[in-house]
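Here the structure comes first, spelled out in structure tokens, and everything after it is commentary.
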Amino acid sequence: MTYLRRAFKYLLQICILFVVIIGALMLTGFIDRDVSVAFQQGWTSIGYIAAMFALVSLAYPHFGYGKRTIHAQGDPAEYWARIDAAMASRGYEKAGETENGGRKYHHTSTFMRVMRLWEDSITIEPVLGGFQAEGLVRDLARIVSAIDHKINSYGN
């Protein structure tokens with residue numbers, strides 16, 4: 001269900017962006033205000049564009065959300081303060097706890113939350129050998145790097 005919700009939100013976001021761009025082009029006179037003139041096949045083209053957006057939106061949650069492992073030794077409880085600090089340095093705050101003893105974080109910026117349609121959460125769960133972070137792939141690399149830097153010294 002989460003997958004379909006994310007796909008629908010992405011479809012909504014991309015359609016709004018399309019309408020804004022085409023609307024701006026029509027208002028400034030770069031393209032004709034009549035859809036049958038602006039698009040080669042008129043409203044049929046709009047249908048094709050909507051179908052393409054739907055296909056891209058269905059694929060996006062598969063590629064846009066993922067999991068990354070953070071290696072750590074010992075008891076996970078001793079790392080939570082440093083993980084909280086790393087998340088705060090990246091603009092995230094604790095939103096709650098998961099049933100598996102993990103934590104859920106969301107972005108502190110309301111603007112960023114709205115831009116991501118409230119799909120900005122990062123979940124960190126303790127797993128054997130460390131932690132597993134789950135969320136937007138584009139955020140995970142920076143977040144995992146920040147947490148890894150906080151909890152592992154690597155001889156420093």
Side-chain angles (χ1 to χ4, degrees), residues 1-28 30 46-156:
M1 192 57 156
T2 300
Y3 189 92
L4 289 177
R5 186 188 73 230
R6 286 177 176 165
F8 178 73
K9 284 182 176 183
Y10 189 66
L11 177 64
L12 181 68
Q13 188 177 31
I14 200 167
C15 286
I16 289 171
L17 184 62
F18 176 75
V19 168
V20 167
I21 290 170
I22 296 299
L25 290 172
M26 286 180 172
L27 287 175
T28 57
F30 283 107
I46 299 293
Y48 292 147
I49 292 168
M52 183 185 68
F53 286 170
L55 289 174
V56 169
S57 297
L58 282 172
Y60 181 73
H62 179 71
F63 297 107
Y65 295 88
K67 296 179 182 181
R68 299 288 185 269
T69 302
I70 305 161
H71 298 286
Q73 301 297 320
D75 184 25
E78 66 187 53
Y79 294 112
W80 285 118
R82 288 186 264 177
I83 291 172
D84 289 342
M87 293 300 286
S89 73
R90 288 290 172 199
Y92 284 82
E93 64 186 1
K94 183 179 169 186
E97 307 234 347
T98 66
E99 59 273 358
N100 299 332
R103 293 186 180 179
K104 193 170 198 167
Y105 298 87
H106 64 77
H107 215 283
T108 55
S109 167
T110 304
F111 176 74
M112 291 300 291
R113 296 197 74 205
V114 170
M115 291 303 295
R116 295 178 180 177
L117 299 173
W118 290 273
E119 291 292 339
D120 64 323
S121 65
I122 302 289
T123 304
I124 299 177
E125 299 278 347
V127 294
L128 187 62
F131 297 91
Q132 186 173 54
E134 180 179 3
L136 278 169
V137 170
R138 63 181 171 194
D139 293 339
L140 281 181
R142 291 186 301 269
I143 288 170
V144 167
S145 176
I147 292 171
D148 190 46
H149 180 71
K150 288 278 189 188
I151 66 176
N152 295 310
S153 65
Y154 298 113
N156 295 330

Taking all non-hydrogen atoms of both residues, which atom of G66 and which atom of V137 are closest, and how far apart?
N-CG2, 3.6 Å
Please check if the number of heavy atoms outside K104 that lie under 6.0 Å from its NZ is greater than 12.
no
Out of curiosity, M87 CE to I143 CD1, how far, rounded to the nearest 0.5 Å?
4.5 Å
Between A7 and P61, what is the shortest heavy-atom contact and its length?
N-CG, 3.6 Å
Inter- and intrachain pairs under salt bridge (charged side-chain N to carboxylate O under 4.0 Å, His left out), touching residues 121-140, at least two apart
R116-D139, D139-R142
Could you list the donor-acceptor pairs under 3.5 angstrom formed between side-chain atoms of residues 8-20 and any protein atom two or more places apart in sequence or on another chain?
{"residue": "K9", "atom": "NZ", "partner": "L117", "partner atom": "O", "Å": "2.9"}
{"residue": "K9", "atom": "NZ", "partner": "E119", "partner atom": "OE2", "Å": "3.2"}
{"residue": "Q13", "atom": "NE2", "partner": "M115", "partner atom": "O", "Å": "2.6"}

Inter-residue atom distance Q73.CD - I151.CD1, 0.5 Å rounding:
10.0 Å
Would you find a donor on one side and an acceptor on the other, under 3.5 Å apart, between the side chain of Y105 and the backbone of G91?
no
Show every salt bridge (charged side-chain N to carboxylate O under 4.0 Å, His left out) that has at least one partner inside residues 77-86, sequence neighbours left out.
D84-R103
Taken to the nearest 0.5 Å, the spacing of K67 NZ from L140 CG works out to 11.0 Å
In Å and rounded to the nearest 0.5 Å, what is the OH to CD1 distance from Y92 to I124?
10.0 Å
CZ-CH2 distance between F131 and W80, expressed to the nearest 0.5 angstrom
5.0 Å
CH2 (W118) and NE2 (H107) are apart, to the nearest 0.5 Å, by 14.0 Å
Given the rule in the side chain to side chain contact (heavy atoms under 4.5 Å, CB included) test, do K150 and I83 qualify, once you have shown the distances and angles that lead to the verdict?
CA-CA 7 Å; K150 288 278 189 188; I83 291 172; over 6 Å; no
